[in-house]
> 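Submitted below is the structure of interest, expressed as structure tokens.
Naming: A, B, ... by sequence-line order, numbering from 1 per chain. What you see below is based on every heavy atom in this structure, not just the backbone, and it leaves out hydrogens, waters and symmetry mates. This one's a predicted model, so the numbers in the text were calculated from it and none came from an experiment.
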Protein chains: 2
Amino acid sequence: MDLLRLKSFLVLAESLHFGRAAARLGVAQPHLSRRIRELEAEIGVRLFARTQRRVELTAAGATLRLRAIRILDEVEKAKVEARQIGTGSAGRLRIGFIHSSTYGVLPAIIRSFRAMRPAVMLDLVEMTMIEQVRALRAGDIDIGLLRSLPDVPDIAFETVLREPFRLAVPADHAFAGRAAVALPELSGEPLVLFPRETSPLFHARITAAFERAAVTPVIVQEATQIHTVMGLVAAGIGLALVPSSAERLPRAGAVLIALTDPPEPADVSVAWRAASRPLLVTPFLEAAHAAAVGLDAAGTPAKVLTRPAPRKQRS
Amino acid sequence: MDLLRLKSFLVLAESLHFGRAAARLGVAQPHLSRRIRELEAEIGVRLFARTQRRVELTAAGATLRLRAIRILDEVEKAKVEARQIGTGSAGRLRIGFIHSSTYGVLPAIIRSFRAMRPAVMLDLVEMTMIEQVRALRAGDIDIGLLRSLPDVPDIAFETVLREPFRLAVPADHAFAGRAAVALPELSGEPLVLFPRETSPLFHARITAAFERAAVTPVIVQEATQIHTVMGLVAAGIGLALVPSSAERLPRAGAVLIALTDPPEPADVSVAWRAASRPLLVTPFLEAAHAAAVGLDAAGTPAKVLTRPAPRKQRS
DNA sequence: TGGATTGATACGGATTTAGTATCATCAGTC
DNA sequence: GACTGATGATACTAAATCCGTATCAATCCA
């Protein structure tokens with residue numbers, strides 16, 4: 001069975017005229033006769049009833065016609081789809097992301113990327129950084145969205161956003177009305193901190209800043225996820241240094257304040273397997289950078305210190 | 001795009017090894033390389049990532065593989081289906097039938113035919129004989145099941161069953177206990193008869209028999225359908241001559257009795273367009289003959305006169 | 001009855017396809 | 001670190017297939 005034969009059959013089934021069908025196919029009439037005869041021989045069934053004056057479909061031909069339309073259509077679609085996936089305008093992109101990007105940069109990146117490549121399906125899976133590296137190596141995800149990594153040879157990454165740290169204080173705290181606070185002022189204040197094991201980057205940046213400021217922090221509680229930290233702050237357990245994306249996390253009872261001497265910003269990076277950079281990494285990086293600019297413009301400054309924007313606070 | 005290329009692609013996608021795939025396809029390895037290259041050129045996308053040591057599918061290749069499996073499967077199914085329809089082992093058969101066959105031979109024929117050709121779909125439409133002839137000519141039905149026709153040149157038919165006439169009498173009639181009755185005994189009895197216009201065969205056979213017996217029937221009522229006639233008999237309106245298939249029509253208050261000098265039997269025939277005898281006519285005739293024999297064996301004798309079999313009578 | 005139309009057949013030339021020999025590259029090994 | 005074996009790509013020749021022209025047989029229409 002040959003698609004050319006099938007196509008010829010279909011054209012003849014439409015026009016029911018060997019001469020005209022052959023013309024539409026761009027071949028000579030005798031050759032169309034041959035193709036149809038070969039198709040009939042292969043199937044072992046007469047597809048057209050030729051009365052030497054009129055050509056009509058047999059019952060077998062009529063059902064084959066319906067099938068043939070479908071098959072040729074699917075072949076065409078398969079070709080187009082493969083081409084689109086090959087050129088990156090369609091397909092599937094499996095993305096691992098850390099939890100804290102959920103209310104920060106991730107939605108903006110997704111929005112931006114979908115606008116660029118509407119035909120690409122995104123599979124989003126929340127993972128820790130460690131899990132992302134493992135999944136990238138195993139080929140389970142194509143792209144990781146994570147905080148910057150220690151140098152790993154087989155994983156490439158590019159930073160798309162630098163998030164400044166802010167001071168989170170309970171709404172009824174003395175600092176709550178202040179425009180900015182300096183780290184030395186936190187001396188003696190109870191603090192909530194990210195643990196070294198599960199949040200190495202946050203932990204390192206924050207403790208380094210306290211060292212620079214010559215402050216010995218009083219750690220009263222540890223918590224891994226930003227929303228937990230914010231909850232503890234709101235409950236009055238202590239103050240905390242959190243990345244600015246915490247602003248997007250509605251939480252009654254806590255406010256964010258700028259720092260005059262903040263830690264080195266925490267970056268959000270896009271990672272992929274260095275060996276086989278997926279085609280869609282480039283557009284994804286574009287989308288991520290665009291999203292980062294948008295976030296800045298929307299009042300989440302990445303570098304400049306400003307008065308914290310007013311926040312909606314929901315229960 | 002060529003199914004051979006697609007098949008080659010699929011085999012290579014399974015084995016991921018040019019040499020082995022080529023062997024499975026029965027071609028030399030260089031030629032498989034060519035086919036794949038051509039397929040990739042046509043689609044404009046690399047389908048395999050060749051690392052000179054290992055071959056693996058690209059993302060485009062992976063989705064094309066799924067599509068290709070489906071397409072090749074559908075092509076195969078289309079071929080098989082067309083072949084089956086062409087040889088009559090599958091397909092659709094549109095049958096027109098007269099009402100009176102419903103409780104006579106039709107169910108038996110259907111049962112027999114479905115056992116023979118389980119893959120053939122039957123479209124059953126009740127029609128009068130006139131409508132059947134029209135539908136056969138228009139190509140709306142393939143087969144008609146009807147009483148014998150006056151010779152019509154473009155419709156061919158074959159008789160599959162000859163139904164003897166019986167005398168239907170009310171259950172409380174003097175004849176009710178008799179084994180057989182002769183037509184002259186009906187002289188003066190009120191009779192229900194099929195009208196000439198709508199039931200020409202029954203009318204002709206019955207009036208001819210009365211003429212032979214030199215009896216002038218007293219017609220008190222006409223009715224077209226056998227179940228109506230039986231109803232009128234049960235109601236005591238009169239007696240009637242009905243084809244023996246009326247036995248299969250449960251009807252309280254009426255019994256059937258053999259006739260010693262019955263009219264010529266009424267035949268049930270299968271008709272088709274003489275110009276293009278559908279393939280399935282032959283098996284349908286076989287099924288019909290088999291069903292007719294079964295009916296005889298089951299106590300509906302076509303020729304011999306016997307005591308009428310006991311009947312279930314439901315309201 | 002003759003002309004026109006339609007599909008089938010025959011045959012020679014052109015294109016495509018298949019097979020053989022060979023090469024380049026890389027992984028694993030001693 | 002050179003060698004060996006394996007793998008896919010390339011080049012070239014032979015065979016098969018495909019395609020177009022010429023022609024025929026049968027039917028319809030005037």
> With a cut-off of less than 4.0 Å, is there a side-chain N or O of Ser33(B) near OP1 or OP2 of dA9(D)?
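Affirmative; the distance criterion is met.
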> Would you say dG7(C) has OP1 or OP2 under 4.0 Å from some side-chain N or O of Arg54(A)?
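Indeed not, no polar side-chain atom of Arg54(A) lies that close.
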> Do any side-chain nitrogens or oxygens of His17(A) fall under 4.0 Å of OP1 or OP2 in dT5(C)?
no
> Name the residue from Arg65(A), Arg24(A), Arg20(A) that meets the side-chain hydrogen bond (donor to acceptor under 3.5 Å, both in side chains) definition with Glu14(A).
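Filter result, single survivor: Arg65(A).
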> Output the single nucleotide from dT20(C), dC19(D), dT17(C) whose closest atom is nearest the side chain of Arg5(B).
dT17(C)
> Measure from the side chain of Val27(A), starting at C-beta and using heavy atoms only, and say which of dA21(C), dG20(D), dG7(C) lies closest.
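Nearest to the side-chain atoms of Val27(A), counting from C-beta on, is dG20(D).
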> Would you check if the side chain of Glu40(A) reaches a backbone N or O of Phe48(A) as a donor-acceptor pair within less than 3.5 Å?
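Pair found, side chain donor or acceptor close to backbone of Phe48(A).
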> Give the rounded distance in Å between these two atoms: CZ of Arg20(A) and P of dT5(C).
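Rounding to the nearest Å, CZ of Arg20(A) and P of dT5(C) are 11 Å apart.
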> Which part of the nucleic acid, if any, lies within reach of Arg34(B) when heavy atoms closer than 4.0 Å are counted: base, sugar-phosphate only, or nothing?
base
> State whether His31(A) places a side-chain N or O below 4.0 Å from either non-bridging phosphate oxygen (OP1 or OP2) of dA8(C).
no
> For Asp2(B) and dT17(D), what is the distance between atoms CG and P respectively, to the nearest whole Å?
14 Å
> Select one nucleotide: of dA8(C), dT6(C), dC19(D), the one nearest the side-chain heavy atoms of Gln29(A).
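Ranking dA8(C), dT6(C), dC19(D) by closest atom to the Gln29(A) side chain puts dA8(C) first.
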> Looking at Arg50(A), does any N or O in its side chain come under 4.0 Å of the phosphate oxygens OP1/OP2 on dA8(C)?
yes
> Could you tell me how far apart Arg37(A) (CZ) and dA8(C) (C1') are, to the nearest whole angstrom?
7 Å
> For Arg94(B), is there an ion pair with Asp142(B) - N to carboxylate O distance below 4.0 angstrom?
yes
> Of the listed nucleotides (dT9(C), dT17(C), dA9(D)), which one gets closest to any side-chain atom of Phe18(B)?
dA9(D)
> Calculate the interatomic distance between Glu38(A) atom CD and dT9(C) atom C1'; express it in whole Å.
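One finds 14 Å between C1' of dT9(C) and CD of Glu38(A), rounded.
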> Which whole-number value in Å describes the distance from Leu16(B) CG to dA6(D) C1'?
16 Å
> Out of the candidates Phe113(B), Phe157(B), Phe97(B), Trp272(B), only one should pair with Phe284(B) under the ring-ring contact (aromatic ring centres under 6.0 Å, His included) rule; please name it.
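When Phe113(B), Phe157(B), Phe97(B), Trp272(B) are each tested with Phe284(B), the ring-ring contact (aromatic ring centres under 6.0 Å, His included) holds only for Phe113(B).
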